[in-house]
Amino acid sequence: MSPATATTTPTTKERILDAAEEIMLQKSFHSVGLNEILSAVKVPKGSFYHYFQSKEQFGVELLKHYVAEASAHKRRALLTTELSEDPFERLMVYWDLNIAKMMDSGSPCSCLVVKLASEVATFSDDMRAVLADGIREWTGYLEKVILEGQARGTIRKEIDAKVTAMTIHDLWMGASQRMQLERSVAPLRAATLFIRHYLSPA
């Protein structure tokens with residue numbers, strides 16, 4: 001559920017989007033029918049078409065909803081000192097917490113972007129654009145943390161922050177896909193270890 005609705009009653013539209021997110025993390029965009037989503041929130045089909053003109057437009061709204069929530073979480077974790085004053089340790093704690101969350105949930109995938117990226121990229125250009133914009137925003141957060149760490153001397157100064165941010169994000173997404181195939185967080189642990197060694201100035 002989005003932060004804005006955490007202390008208030010979610011709207012019907014938000015309930016539909018939240019339910020769809022949970023279901024699609026377990027399945028896929030094309031394999032989930034409208035009836036399954038609407039049954040989960042106990043609303044009639046007419047309510048769906050009141051908010052969404054088509055399944056594709058619903059997919060666009062779903063991804064915007066997810067990306068907005070994920071962006072708020074990443075900003076809080078990466079761009080504040082909530083996890084650590086040290087930018088380097090903040091990154092490491094962030095990834096360790098992501099791994100712990102996946103282990104606790106027992107889900108093969110906890111990121112809708114990883115789950116749906118390859119599936120919807122050729123199906124809907126509008127959905128693809130939402131995902132591409134989200135990833136650009138997220139790599140921008142990583143770049144800011146890397147630059148902060150370089151300024152403080154806790155991250156290697158000779159690396160290009162922008163290129164490194166994109167590479168690290170792509171590494172994590174690839175490891176997340178391998179995690180789904182192997183049903184193990186080992187690829188994520190290996191990616192985190194590589195990132196730690198690569199960023200460390202020592």
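Start at 1 with the first residue, then count along the sequence.
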Taking the side chain as every heavy atom from C-beta outward, state whether [X] and [Y] have any pair of such atoms under 4.5 Å apart.
X	Y	answer
Arg76	Glu82	yes
Ile135	Met173	yes
Met127	Glu119	no
Gln150	Glu158	no

Verify same cluster id: [X], [Y] (apolar side-chain graph, 4.5 Å):
X	Y	result
Val93	Tyr198	yes
Tyr141	Trp172	yes
Leu97	Val114	yes
Leu79	Leu147	no
Phe194	Tyr94	yes

For residues [X] and [Y], report the shortest heavy-atom separation together with the two atoms involved.
X	Y	result
Ile37	Ala19	O-CB, 4.5 Å
Ala117	Leu131	CA-CD1, 3.7 Å
Arg156	Ser200	CG-O, 3.2 Å
Arg152	Pro87	CD-CD, 3.6 Å
Gln57	Tyr51	OE1-O, 3.8 Å
Val130	Lys64	CG1-N, 3.7 Å

**OP:** Check the pair Arg15 / Asp18 against salt bridge (charged side-chain N to carboxylate O under 4.0 Å, His left out), numbers first and verdict last.
**Re:** CA-CA 5 Å; Arg15 289 170 55 217; Asp18 286 336; over 6 Å; no
State the [atom1]-[atom2] distance between [X] and [Y], to the nearest 0.5 angstrom.
X	Y	atom1	atom2	value
Glu69	Leu112	CD	CG	10.0 Å
Arg90	Trp95	CZ	CH2	12.0 Å
Lys144	Glu148	NZ	CD	11.0 Å
Ile159	Thr167	CD1	OG1	9.5 Å
Lys42	Thr12	NZ	OG1	13.5 Å
Thr164	Leu199	OG1	CG	7.0 Å

Original post:
Passes side chain to side chain contact (heavy atoms under 4.5 Å, CB included), Thr192 versus Ile99? Steps please.
Top reply: CA-CA 10 Å; Thr192 302; Ile99 293 172; 3.7 Å; yes
**OP:** Let me know which of Ile155, Asp86, Ile195, Leu83 forms a side chain to side chain contact (heavy atoms under 4.5 Å, CB included) with Leu91.
**Re:** Ile155
Subject >> Option passing side chain to side chain contact (heavy atoms under 4.5 Å, CB included) with Leu63 (candidates Val113, Leu17, Leu116) >> reply: Leu116
**OP:** Carefully, step by step, assess His65 and Glu61 under the rule side-chain hydrogen bond (donor to acceptor under 3.5 Å, both in side chains).
**Re:** CA-CA 6 Å; His65 179 72; Glu61 292 294 322; over 6 Å; no
Original post:
Under 3.5 Å, side chain of Lys162 to main-chain N/O of Thr139, donor-acceptor pair present?
Top reply: no
Original post:
Has the side chain of Glu36 got a donor or acceptor atom that lies under 3.5 Å from a matching backbone atom of Val32?
Top reply: no
Would you call the rings of [X] and [Y] parallel, tilted or perpendicular, where under 30° means parallel and over 60° means perpendicular?
X	Y	answer
His169	Trp138	tilted
Phe52	Phe58	perpendicular
His30	Phe123	perpendicular

Original post:
Would Arg136 and Met166 satisfy side chain to side chain contact (heavy atoms under 4.5 Å, CB included), going step by step from the backbone distance to the final call?
Top reply: CA-CA 8 Å; Arg136 277 191 290 270; Met166 291 188 293; over 6 Å; no
Original post:
Under 4.0 Å between a Lys/Arg side-chain N and an Asp/Glu carboxylate O for Asp125 and Arg128?
Top reply: yes
**OP:** Start with the C-alpha gap between Val41 and Phe48, add the side-chain angles, then the distance that decides, and say whether side chain to side chain contact (heavy atoms under 4.5 Å, CB included) holds.
**Re:** CA-CA 11 Å; Val41 291; Phe48 178 89; over 6 Å; no
